[in-house]
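The figures that follow rest on heavy atoms only: side chains count, while hydrogens, waters and symmetry mates do not. Every chain is numbered from 1 and lettered A, B, ... according to where its sequence line falls, protein lines coming before strand lines.
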2 protein chains.
Amino acid sequence: MVEQGGGASGAGCMGCPLRQRSEWCVLNEEETRFLSRHLKKRRYRAGETIFSAGEPSHGVYCVASGTAAIRKGNAEGNTVLLRLAYPGDTLGYRGLLLGENRRYGAEALGPSKVCFVDRAVVKLLLERNPALGQQFLRRIARDMDEAHDHLVRNATLSNRDKFIHLLRALMNRHGRTATDGGHFMELPLSRRDLASMIGARHETLSRIIGRLEEDGIARFSGRTVYVARSHWLLNDSRPPTLLD
Amino acid sequence: MVEQGGGASGAGCMGCPLRQRSEWCVLNEEETRFLSRHLKKRRYRAGETIFSAGEPSHGVYCVASGTAAIRKGNAEGNTVLLRLAYPGDTLGYRGLLLGENRRYGAEALGPSKVCFVDRAVVKLLLERNPALGQQFLRRIARDMDEAHDHLVRNATLSNRDKFIHLLRALMNRHGRTATDGGHFMELPLSRRDLASMIGARHETLSRIIGRLEEDGIARFSGRTVYVARSHWLLNDSRPPTLLD
DNA sequence: TGGGTTAATTGACGATGGTCAAATTTTGAA
DNA sequence: TTCAAAATTTGACCATCGTCAATTAACCCA
């Protein structure tokens, strides 16, 4: 399952369409070839674990295709889905920087390819090209912002509004515009995971979904969601849009 | 109000007792003197703004004494207290790294002294001493962890338990052990701010406090809190401690 | 394809939280 | 000290949420 040099395609990282979007874009041709030779690309099936909380950090992971879920649990054994990672995203830099064990786990949500870069390789590249360090700094700073925004939303919004926000965010990544201007999406997450992301029980989420359907804001069928164009642009949505 | 070279004490950063605890501890004597000459130390009175959301980032701030509150608002104008900063903590590195405007504001909670380090000075020191960059990386990574922990707590705990956790955290910084083994603390925050930290309304917090008193877990009088020794060690505290 | 397992929905009900409003306390400035 | 503004507490009331339990639907593997 593990391939060297960037996969069977043979092009390695140089030809990787993600290079533009990831931290590694600042590497020159030689450095990219070096990275290419030393990373391990691996396929994951849906639900497979990429790394787990508690284990030592041997390197970073870069999502090549598919979607990964970042999960973190608390002392009581509850588990929360913190965020999703998409192609181009680099995971697990925290443990590497701090030399600590992983504090959260990552798993593939669907069939995915993820490249592993050993700490030694990262270290070497960081020393060779300071711009890479800058890139990581910017990445962390952005993640930090995201986490803070998340905190503020959780503290100020109702579960209903948190879920609408989440739907919107997921739609940006997973949705397609329908011919009528509405939006379709195949949800990448179970109800349980969706619920954990907004800090609610899955029963509560079921009821929120029920209310969104009653209010005509969205239609849910299994993991398929449809949101009408008219409801999509609303910044937020209090009751059935009091002004209709 | 603005002093050069680390304050009237004359010793500058070299004699600053925080040097050990802050990111700057990796600077050598010469670099520390350079920092000392170029930072601006300023006194803030209770409630004074250190910097505000939306304004450009001209440098970083280092808390020398007192306590600073990090606040962030959302679109609806609600404001949330994200965390507190203590002597040795460096604030505002995010905007500097990303070259963006501040996304949150900082204010002094009580009489405080805060040193300002201009971006040019930071940049120069970063180039001169790569270990400083490492320090900042570690600091960001830790802040990230803290934010993630906060997210998980908010998603899994009841308001009551979130508040107990907050009390515990504040006690670590602001509390003193009483002769009977209980703990006293002068709360550094208003009820409103405490409430915003756990994502609840201030009325709700009042009621939570009332219940904690009924249950004999803590006694509140204005900003003074007392927690009995017997209740302090409990990991969490469900109802009146069902096992007493 | 069948059967067992997990996921999701729904109902009931008590607990908790938000909102509005009023009373009370504290605080800060004159 | 005194007064006005701000903070805090409390009550009433209703909406929302968590929990337990019972279905129903979806899924996966043999």
Whole-Å distance between [N] [atom2] and [X] [atom1]?
X        : N      : atom1 : atom2 : result
A/Leu205 : C/dA7  : CG    : P     : 15 Å
B/Ile164 : C/dT16 : CD1   : P     : 12 Å
A/Leu212 : C/dA8  : CG    : P     : 16 Å
A/Leu194 : C/dT9  : CG    : C1'   : 15 Å
A/Asn159 : C/dT16 : CG    : P     : 17 Å

Inset, instruction - Can you sort out which residues in residues 66-73 of chain A have a heavy atom within less than 4.0 Å of DNA chain D? Ascending by number, please. - result: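 Of all residues in residues 66-73 of chain A, none places a heavy atom under 4.0 Å from DNA chain D.
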
Legend entry - Donor/acceptor link under 3.5 angstrom from B/Arg160 side chain onto base of C/dG17: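 Looking at the base of C/dG17, it does not pair with any donor or acceptor on the side chain of B/Arg160 (distance under 3.5 Å).
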
Inset, instruction - Mind checking A/Arg211 for me? I need base, sugar-phosphate or nothing, with any heavy atom below 4.0 Å counting as a touch. - result: sugar-phosphate

Inset, instruction - Give A/Arg192 one of three labels, base, sugar-phosphate or nothing, depending on what nucleic acid heavy atoms sit under 4.0 Å from its own. - result: sugar-phosphate

Inset, instruction - Would you grab the first and last nucleotide of DNA chain D (5' to 3') that comes under 4.0 Å of any non-hydrogen atom in chain B? - result: D/dT8 to D/dA12

Inset, instruction - Compute whether any side-chain donor of one residue and acceptor of the other, for B/Thr224 and B/Glu186, lie under 3.5 angstrom apart. - result: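 Result is yes, a qualifying pair exists.
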
Inset, instruction - Report yes or no: do B/His148 and A/Arg103 form a side-chain donor-acceptor pair below 3.5 Å? - result: no

In plain terms, say whether [X] and [Y] are close enough for a salt bridge, that is, a side-chain N and a carboxylate O under 4.0 Å apart.
X        : Y        : answer
B/Asp161 : B/Arg153 : no
A/Glu100 : B/Arg142 : yes
B/Asp180 : B/Arg229 : no
A/Asp149 : B/Lys72  : yes
B/Glu203 : B/Arg191 : no
A/Arg71  : A/Asp193 : yes
A/Arg211 : A/Asp215 : no

Legend entry - Summary of ring-ring contact (aromatic ring centres under 6.0 Å, His included) pairs that have at least one residue in residues 197-221 of chain A, sequence neighbours excluded: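 Matches after skipping sequence neighbours: none remain.
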
Inset, instruction - Please say whether the positively charged group of A/Arg102, taken as NZ for Lys or CZ for Arg, lies over the ring of A/Tyr104, i.e. under 6.0 angstrom from the six-membered ring centre and within 45 degrees of the axis. - result: no

Legend entry - Verdict with reasoning, A/Arg176 to A/His183, per side-chain hydrogen bond (donor to acceptor under 3.5 Å, both in side chains): CA-CA 6 Å; A/Arg176 286 178 323 164; A/His183 294 256; over 6 Å; no

Inset, instruction - Take the C1' atoms of the five end pairs on each side of the helix from C/dT1-D/dA30 to C/dA30-D/dT1, get both axes, and report the angle to 10 degrees. - result: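 For the helix from C/dT1-D/dA30 to C/dA30-D/dT1, the axes at opposite ends meet at about 60°.
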
Inset, instruction - Find which nucleotide of DNA chain D each of A/Gly199 and A/Gly222 is nearest to by heavy atoms, and output the residue with the more 5' nucleotide. - result: A/Gly199

Inset, instruction - Please state whether the phosphate of C/dT25, meaning OP1 or OP2, lies under 4.0 angstrom from any side-chain nitrogen or oxygen of B/Arg191. - result: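 No.
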
Inset, instruction - Would you please confirm or rule out a distance under 4.0 Å between OP1 or OP2 of C/dT9 and any side-chain N or O of A/Ser206? - result: yes

Can you pull every protein N or O that's under 3.5 Å from an N or O on nucleotides 21-24 of chain C?
none

Inset, instruction - Report the residues that fulfil side chain to side chain donor-acceptor pair (under 3.5 Å) with A/Glu55, sequence neighbours left out, ordered by chain and then residue number. - result: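 A/Glu55 satisfies side chain to side chain donor-acceptor pair (under 3.5 Å) with no residue once adjacent residues are dropped.
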
Legend entry - Check: B/Phe184 ring centre within less than 6.0 Å of B/His174 ring centre: no

